[in-house]
Q: 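Mind looking over this structure? Questions follow.
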Amino acid sequence: MLEPQTIANPLREGMRVARAPEPASIIIFGATGDLARRKLVPALYNLARENYMPPVFNIIGFARKPRTDAAMRAEYKQAVAEFSREKIQAETWDSFDENIFYVQSNLDDPDGYKRLKQELERFDQERGTLGNRLFYLAVPPELMPEIVEMLGKAELNTSAGYTRIILEKPFGRDLTSALDLNHRLHQVFDESQIYRIDHYLGKEAVQNLFVFRFANGILEPIWNRTYINNVQITVAETVGVETRGEYYDHAGALRDIIQNHALQLLAVTTMEPPPVFGPDQVRNEKAQVLRAIRPLDFNEIARATLRGQYGAGAIGGLQVPGYRTEPEVDAASVTETYVALKLHIDNWRWAGVPFYLRTGKRLPKRMTEIAVEFNLPPLSLFGKNGVNPLEPNTLVFNIQPDEGITLKIESKIPGQDNRIRPVNMDFRYNSAFGQVAPEAYERLLLDAMLGDPMLFTRYDEVEAQWAVITPILEAWRNIPAPAFPNYEAGVWGPAAADEFIKRDGRKWRRL
Ligand code: BG6
């Protein structure tokens with residue numbers, strides 16, 4: 001058998017054997033949509049550029065709009081030129097482009113699925129894709145059950161090779177719809193075929209969180225309630241809702257970021273060490289800790305949650321409109337674009353430690369971090385009488401944009417007197433490795449082709465996440481929203497956010 005590196009295909013030159021996927025067809029539902037253009041096709045292109053695509057592959061767009069193969073190729077070329085992290089190269093594009101095809105069909109038309117199946121079988125025979133199929137559902141959650149059912153009816157849930165299905169987030173709208181979607185999925189696919197995406201798990205710095213926690217001995221004894229005082233998780237964005245007003249106005253920040261990305265960051269930070277670094281073991285531990293998050297009851301929700309919505313303001317010196325005047329957003333919308341939450345994890349490791357989560361659009365900086373704050377020393381020898389009060393040690397995982405890890409420690413200021421000040425011990429990816437990390441979607445698409453589900457969320461994780469979020473959504477429906485807008489674009493959320501955390505004698509980190 002040929003070693004992958006020796007196959008005469010320019011795309012395969014330098015292929016790393018350990019990450020070599022088998023030939024496959026990748027079928028994108030929602031092929032003409034935003035996600036395919038901005039993320040999926042640029043990610044596949046970059047995988048090809050770095051010799052990570054299979055030796056033979058087809059990318060088949062499946063959508064309602066009429067297109068020829070040529071038109072789909074031209075559209076994707078433009079998308080890659082616009083959104084790829086690396087500049088498009090003519091040669092790589094040409095050998096990539098010829099693998100793109102299009103099947104036009106309504107999503108509920110059995111004939112369309114029949115044609116898709118015929119095409120897939122033809123490709124298997126003519127191009128040697130071995131019956132391996134990866135379906136990607138880049139469509140809104142309400143369309144997913146029907147597509148899944150149609151795939152089942154067309155017997156596209158099984159083949160001579162592997163059949164896998166990736167589902168884009170959001171996975172349902174609440175606990176009931178997520179349970180229903182899982183149920184319908186399980187009628188057609190085995191859980192081992194299902195890949196629910198949360199692209200934050202594909203971020204390099206999130207993967208490093210596993211390594212940092214479980215490959216370093218110094219953390220093990222201190223990673224618990226005895227030493228950790230509180231944890232703050234921030235997902236701050238400068239962007240507004242861009243072209244996604246319609247989706248966002250029905251979602252809101254709680255569904256869009258907290259239910260998935262923020263809770264996954266929380267899970268990776270707080271999970272127990274798995275016995276083995278494998279997909280089942282890691283996901284068992286994440287599911288376990290997510291289930292231990294204490295659900296908020298109706299009365300607590302008023303105190304432990306806070307919502308905001310941006311009005312007009314300025315970001316980086318540019319005037320930007322308020323949320324209610326964004327395209328396709330209801331002019332009287334009460335959808336939240338900012339959320340702060342306080343959660344507790346009811347297990348022995350974390351009992352009593354508050355977890356503060358916040359996210360918002362149109363905040364002053366794009367910044368995602370997890371800040372773990374440790375207790376102060378038991379007795380303060382320095383900084384007495386309120387002069388130079390000690391600041392707690394804080395370990396910060398900078399997820400983006402400037403990936404790294406920072407430990408804040410107290411230090412003596414050089415000189416004759418005994419003044420102290422916090423300083424940072426810093427690790428930055430850029431300076432340490434000098435290498436650009438792949439985009440999250442690249443990592444995840446490759447993992448799915450390789451059949452590694454570790455960085456995808458399992459059904460029980462998604463359900464546990466919704467079990468935390470759904471009572472909040474329900475309570476918010478019954479408690480009138482604050483007078484929106486309550487923060488102007490370009491500030492760190494509503495004024496009440498400071499009060500929210502000050503009640504606990506704490507403050508938000510200044511980012
Ligand atoms: C998506 C949300 O899941 O994540 C968007 O739907 C958000 O609203 C995006 O902007 C943020 O992702 P990233 O990778 O830019 O932090």
Side-chain angles (χ1 to χ4, degrees), residues 30 33-40 42-43 46 82-85 136-142 144 166-173 195-209 233-266 268 307-310 315 320 323 326-329 333 335-339 357-370 397-403 429 436-445 455-457 462 465-466 469 489 511:
D34 224 37
L35 187 83
R37 289 170 28 79
R38 278 173 190 263
K39 295 288 182 191
L40 305 184
N46 279 306
E82 195 173 344
F83 299 113
S84 164
R85 69 179 161 89
Y136 199 120
L137 270 48
V139 297
E142 59 275 14
M144 289 179 183
I166 305 183
L167 296 111
E168 185 50 49
K169 68 158 272 262
F171 192 87
R173 281 189 58 72
Y195 290 66
R196 297 172 195 78
I197 218 162
D198 183 316
H199 79 281
Y200 267 53
L201 292 174
K203 290 186 189 275
E204 194 68 34
V206 177
Q207 289 164 57
N208 195 34
L209 194 49
I233 299 180
T234 304
V235 181
E237 298 189 275
T238 49
V239 290
V241 292
E242 299 177 298
T243 52
R244 299 159 70 228
E246 194 190 342
Y247 150 75
Y248 196 88
D249 211 29
H250 290 99
L254 190 62
R255 284 193 179 93
D256 188 51
I257 299 281
I258 301 284
Q259 187 273 338
N260 34 73
H261 308 326
L263 287 182
Q264 280 293 324
L265 294 180
L266 178 68
V268 179
R307 350 171 213 178
Q309 187 194 78
Y310 63 84
I315 303 263
V320 295
Y323 176 70
E326 299 274 17
E328 295 178 54
V329 167
S333 172
T335 299
E336 79 288 353
T337 61
Y338 175 97
V339 180
L357 276 53
R358 63 175 164 161
T359 187
K361 295 223 180 259
R362 290 292 191 214
L363 301 184
K365 274 189 193 164
R366 174 171 185 255
M367 169 90 77
T368 297
E369 63 153 52
I370 303 163
F397 299 94
N398 307 97
I399 308 296
Q400 62 190 24
D402 186 14
E403 289 92 345
Y429 278 71
V436 182
E439 282 248 334
Y441 277 95
E442 294 170 38
R443 168 74 195 213
L444 295 175
L445 279 162
L455 299 176
F456 293 82
T457 40
V462 176
Q465 290 168 196
W466 278 120
I469 297 304
L511 304 177

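The structure presented is a predicted model; accordingly, all values stated were derived computationally and were not measured. Both counts, for ligands and for their atoms, begin at 1 and track the order of listing.
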Q: Tell me yes or no: between the side chains of Ser333 and Asp249, is some donor less than 3.5 Å from an acceptor?
A: yes
Q: So which residues, sorted by chain and number, lie with a heavy atom under 4.0 Å of ligand 1?
A: Lys169, His199, Tyr200, Lys203, Glu237, Arg244, Asp256, His261, Lys361, Arg366, Gln400
Q: Looking only at side-chain N and O atoms, does Tyr247 offer a donor or acceptor that is under 3.5 Å from a partner on Asp256?
A: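 Looking only at side-chain atoms, Tyr247 and Asp256 do form a donor-acceptor pair, the distance falling under 3.5 Å.
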Q: Considering residues at least two apart in sequence or located in another chain, which fulfil the salt bridge (charged side-chain N to carboxylate O under 4.0 Å, His left out) criterion with Glu439?
A: Lys39
Q: Would you please name every residue forming a salt bridge (charged side-chain N to carboxylate O under 4.0 Å, His left out) with Lys203, sequence neighbours left out?
A: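 Lys203 satisfies salt bridge (charged side-chain N to carboxylate O under 4.0 Å, His left out) with no other residue.
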Q: Take Arg366 and Glu237 through the test salt bridge (charged side-chain N to carboxylate O under 4.0 Å, His left out) and record every step on the way to the result.
A: CA-CA 4 Å; Arg366 174 171 185 255; Glu237 298 189 275; 5.8 Å; no
Q: Not counting sequence neighbours, which residues clear side-chain hydrogen bond (donor to acceptor under 3.5 Å, both in side chains) with Arg196? List them please.
A: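 Only Asn182, Glu191 meet the side-chain hydrogen bond (donor to acceptor under 3.5 Å, both in side chains) criterion with Arg196.
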